Amino acid sequence: MLQEMTIKNFAIIESLSLTFQEGMTVLTGETGAGKSIIIDALGLLVGGRGSTDFIRHGEERLELQGLFALAEDNLACRNALLENGIDASDDMVVLERSLFRSGKNSCRINGKLVTTVLLRQIGSKLIDIHSQHEHQELMNEEFHLSLLDRFAADKIKPALTKYQTNFKEYQTILREWQNWTKNERELAQRLDMLRFQQQEIENANLQAGEEDRLLEQKNVLANFEKLNENLQGAYTAIQGEPGGLEFIGEAMRQMEAAASIHTDYKAVSEAISSSYYMLEDSMSQIRQSLDQLEFQPEELNQIESRLNDLNQLKRKYGKTIEDIIQYEKEISTEMEKLTDSESHVGHLETKMATLKTELTKQASTLTDIRKKAATTLEKQIKQELNQLYMEKAIFSVHFESDKTELTESGQDSVVFYMSTNPGEPLKPLAKIASGGELSRMMLALKTIFSRHQGITSIIFDEVDTGVSGRVGQAIAEKIYAVSVGSQVLCISHLPQVAAMANHHYYITKKVQNKRTTTSVTILKGEQKVEEISRMIAGIEVTELTKQHAKEMIQQAEKVKQTY
């Protein structure tokens, strides 16, 4: 249930804080006062599509906050919060959203930064907003199947999820089969190219780490003179006349004599001795290297040629030798498939046939579930329409009988049919329903769906458009019935709806400092009578109109006691 909401810099709203209660709350006011703006702000708060046009002129960002009490039986929302690591152990959910002039969004749930996708996912499990544009779902036959599935969600969802998993696999295999069979010439050309590439890589006889070794050898050969000079210099410094080794040998002999006189010099003597022999061994290694060192220009040319070949292969097949070797493995696998394409295509066809058989069975199961649900929906819609003064109307869920193509939702094509007058044949709903009939039809569906969704906050934005009189009273009572045990926020121009409300919010706009702002007043007692009188009479409110408003409120209280 929505308990509190704060709106800042949203359209003509500068700053507004609202508190909501259980039951039915009606929002009334003159056209353009900002009633629908409040619902738009709520829609944006729960993940609706944002636009910088929503930001109040002259401001850099808008801010929205909402506090929701989480119902115990709203397991869908609790599980979604738990899966995303959001703590709601206190049974409260705080949604926050800021939209900046730059287009940047900032969304939080219980203080945790989230994406708009997750905000929408959680928000859809907290409130259900129904506005006039939702009539489009009834007018567009493409939405009828999804409406039926929403009605039968408990039974249809497990079967549909299983079907869609298999259907996705089927689509993947089908695309692969199409790629293999669409053009044999292309496949033959592809095989020839892969053979050439494989032969070129095989002829190169690549070895992991080869390039590093070649670069090291190239560096030695390219710097032969410098290397020879360094080795010769080191050897001369050690062994020359006079050389370092000769001086260290003399130091060794002197320290050995000193150590024989006093043991304190033994450690130094041993260190000098060790250095002398190590240096003597190093001199021998340098001499050996000098004897073996030989400039080989032909070997340098061979190394450079090999490195050039490797660079050519890297430009074609990978950034490193290891990448090229891996690429060869990959094209070898593809070549095996291409070479044995008939067998592979046959394997795909067998797998497709098996999956299609299973999908057909699952689709038939979906059809059976939907047809049973359709019968139940027809009965419940009939009951709801009777209460909305459409007792002569007949509602029918029509299944297209020759539908055989498998789609993501099964094999069913569903269209809602209706007859609003006795003796008239059933026709597609979109072709015969008036605006008032669509409003009642949508309200009937919402009434039914609200029993299954587990959502405790339902928003109706002018669902009473196109109706009046006793039909308006029926709609008012239907909206109130939905609010029993839950929370309903309703924008309305009907005095019957306002009279049935538990809470009445009056929306006005005024100009201050040359800027338009929206404000909200909670109406009680005479204030409520005045507003309902205005809704009845229009501009001029008389004592007779006020008496009518009072009687309407009294009658509404009697009706409420029956629920």
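Owing to the predicted nature of the structure, the values given are computational and were not obtained by experimental measurement.
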**Student:** Name all pairs fulfilling the ring pair (Phe, Tyr, Trp, His ring centres under 6.0 Å) condition that reach into residues 57-104, sequence neighbours left out, sorted by first residue then second.
**Tutor:** none
**Student:** Salt bridge or not for E526 and K546, using N-O below 4.0 Å?
**Tutor:** no
**Student:** Could K528 and E531 be called an ion pair, given the rule that one side-chain N must be under 4.0 Å from one carboxylate O?
**Tutor:** no
**Student:** Determine whether the aromatic ring centres of residues Y505 and F20 are separated by less than 6.0 angstrom.
**Tutor:** yes
**Student:** Of the non-hydrogen atoms in H493 and G29, which two are nearest, and what is the gap between them?
**Tutor:** CE1-O, 4.0 Å
**Student:** Where do E96 and Q65 land on the side chain to side chain donor-acceptor pair (under 3.5 Å) test, with the steps shown first?
**Tutor:** CA-CA 5 Å; E96 300 175 79; Q65 290 183 329; 3.1 Å; yes
**Student:** So how far is it from L95 CG to L45 CG, rounded to the nearest 0.5 Å?
**Tutor:** 5.0 Å
**Student:** E378: which residues meet the salt bridge (charged side-chain N to carboxylate O under 4.0 Å, His left out) condition with it, sequence neighbours left out?
**Tutor:** none
**Student:** Decide, yes or no, whether a salt bridge links E14 with R515 under the criterion of side-chain N to carboxylate O below 4.0 Å.
**Tutor:** no
**Student:** By the definition side chain to side chain contact (heavy atoms under 4.5 Å, CB included), identify the one residue from I86, L126, L67 that meets it with V93.
**Tutor:** L126
**Student:** Would you call L62 and L44 a side-chain contact if the rule is heavy atoms closer than 4.5 Å?
**Tutor:** yes
**Student:** Quick check: do D40 and F10 have side-chain heavy atoms less than 4.5 Å from each other?
**Tutor:** yes
**Student:** Angle class for the Y563/Y480 ring planes (parallel below 30°, perpendicular above 60°, tilted otherwise)?
**Tutor:** perpendicular
**Student:** Show the numbers, then the answer: is there a side-chain contact (heavy atoms from CB on, under 4.5 Å) between L355 and E169?
**Tutor:** CA-CA 8 Å; L355 274 174; E169 183 181 359; 3.9 Å; yes
**Student:** From I13 CD1 over to I38 CD1, what is the distance, rounded to the nearest 0.5 angstrom?
**Tutor:** 5.0 Å
**Student:** Decide side-chain contact (heavy atoms from CB on, under 4.5 Å) for T19 and H503; before the verdict, give the C-alpha distance in whole Å, the side-chain angles of both, and the deciding distance to 0.1 Å.
**Tutor:** CA-CA 11 Å; T19 301; H503 317 284; over 6 Å; no
**Student:** Between the side chain of N9 and the main-chain N/O of I55, is any donor-acceptor distance below 3.5 Å?
**Tutor:** no
**Student:** Might you work through the side-chain contact (heavy atoms from CB on, under 4.5 Å) test for T115 and L119, ending with a clear yes or no?
**Tutor:** CA-CA 6 Å; T115 64; L119 183 69; over 6 Å; no
**Student:** First locate atom OH of Y163, then atom CD of E408, and finally report the distance between them rounded to the nearest 0.5 Å.
**Tutor:** 8.5 Å
**Student:** Rounded to the nearest 0.5 Å, how far apart are NZ of K550 and OG of S533?
**Tutor:** 8.5 Å
**Student:** Would K382 count as a cation-pi partner of F395, with NZ or CZ less than 6.0 Å from the six-membered ring centre and within 45° of the ring normal?
**Tutor:** no
**Student:** If you round to the nearest 0.5 Å, how far is CD1 of I12 from CZ of R56?
**Tutor:** 8.0 Å
**Student:** To the nearest 0.5 Å, what is the distance between CE on M500 and CG on L494?
**Tutor:** 12.5 Å
